[in-house]
Amino acid sequence: MEPGGVADSLLSGACVLFTLAMYSTGLSDLRHMRMTRSVDNVQFLPFLTTDINNLSWLSYGALKGDGILIFVNATGAVLQTLYILVYVHYCPRKAKIIQTKSTQRLSFPLTIATLLTSASWTLYGFQLGDPYIMVPNLPGILTSLVRLWLFWKYSQGPDRNYQLLQT
């Protein structure tokens with residue numbers, strides 16, 4: 001397949017679409033924090049790790065001169081930084097996370113978006129023969145599959161029940 005062909009355009013378009021969709025899943029958390037003026041049921045760590053990841057990929061994209069990597073990761077870094085700032089604004093100092101056998105604190109849309117994004121970037125890296133794109137996305141696939149298993153194993157209760165994962 002020649003570089004710049006239709007398949008390349010479709011795959012890079014899928015990468016951009018899935019990545020931007022993944023970053024936008026935080027908008028519902030942002031809305032929740034603003035409406036409730038609290039960080040109840042919102043996780044901080046995904047915002048932080050995604051922001052660090054975006055900044056790393058942005059640096060790589062700039063070094064490589066890849067406009068797709070630059071665009072999606074600059075967008076992601078801006079959104080994740082916004083989510084972090086809102087979280088810090090509404091986070092009480094004494095907040096504690098209680099570990100339970102419940103997936104109520106996990107985001108199902110983020111899990112699906114991460115799986116699609118990581119898989120598409122892995123394929124993009126594979127197609128380019130670039131292990132620096134392919135390999136870092138493999139953990140995203142693995143952790144998404146683990147989270148899907150957790151959604152299947154531990155129900156979220158009647159208010160957030162995902163029928164597709166129930167047997």
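Model, not experiment: these values are computed from the prediction.
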For the hydrophobic clusters of this structure (ILVMFWY residues joined by side-chain heavy atoms under 4.5 Å, transitively), does one cluster hold both [X] and [Y]?
X	Y	result
Val86	Val78	no
Val39	Val88	yes
Leu27	Leu20	yes
Phe18	Leu142	no
Ile141	Phe126	no

Item to check | Heavy-atom closest pair, residues Tyr124 and Ser12 | outcome: CE1-CB, 3.9 Å

Checklist entry - Where do Pro46 and Leu110 come nearest, in terms of heavy atoms and distance? => result CB-CD2, 4.2 Å

Is there a donor-acceptor pair closer than 3.5 Å between any side-chain N or O of [X] and the backbone N or O of [Y]?
X	Y	value
Thr19	Val16	no
Ser28	Thr25	yes
Thr114	Gly140	no

Checklist entry - What orientation do Tyr87 and Phe47 show, parallel under 30°, tilted 30 to 60°, or perpendicular over 60°? => result perpendicular

Item to check | Trp57 and Tyr60 aromatic ring geometry - parallel, tilted or perpendicular at 30°/60° bounds | outcome: perpendicular

If you measure from [atom1] on [X] to [atom2] on [Y], what distance do you get to the nearest 0.5 Å?
X	Y	atom1	atom2	result
Thr111	Leu116	OG1	CG	11.0 Å
Met33	Tyr90	CE	OH	8.5 Å
Ile68	Cys15	CD1	SG	7.5 Å
Ser120	Met22	OG	CE	9.0 Å
Asp29	Phe44	CG	CZ	13.0 Å
Gln127	Leu11	CD	CG	5.0 Å

I want to check something: taking the side chain as every heavy atom from C-beta on, are [X] and [Y] in contact at a cut-off of under 4.5 Å?
X	Y	value
Thr50	Tyr23	yes
Val72	Trp121	yes
Arg147	Phe108	no

For [X], enumerate each residue passing the side-chain contact (heavy atoms from CB on, under 4.5 Å) test, keeping only those at least two apart in sequence or located in another chain.
X	value
Leu58	Ile70, Asn73, Ala74
Ala77	Asp51, Asn54, Leu55
Thr36	His32, Ser38

Checklist entry - Going by the salt bridge (charged side-chain N to carboxylate O under 4.0 Å, His left out) test, which pairs reach into residues 107-130, not counting sequence neighbours? => result Lys64-Asp130

Can I get a per-line list of side-chain donor-acceptor pairs under 3.5 Å for residues 131-139, giving both atom names and the distance, sequence neighbours left out?
residue	atom	partner	partner atom	Å
Asn137	ND2	Ile133	O	2.7

Item to check | Hydrophobic cluster of Leu17, others only, ordered by chain and residue number, side-chain cut-off 4.5 Å | outcome: none

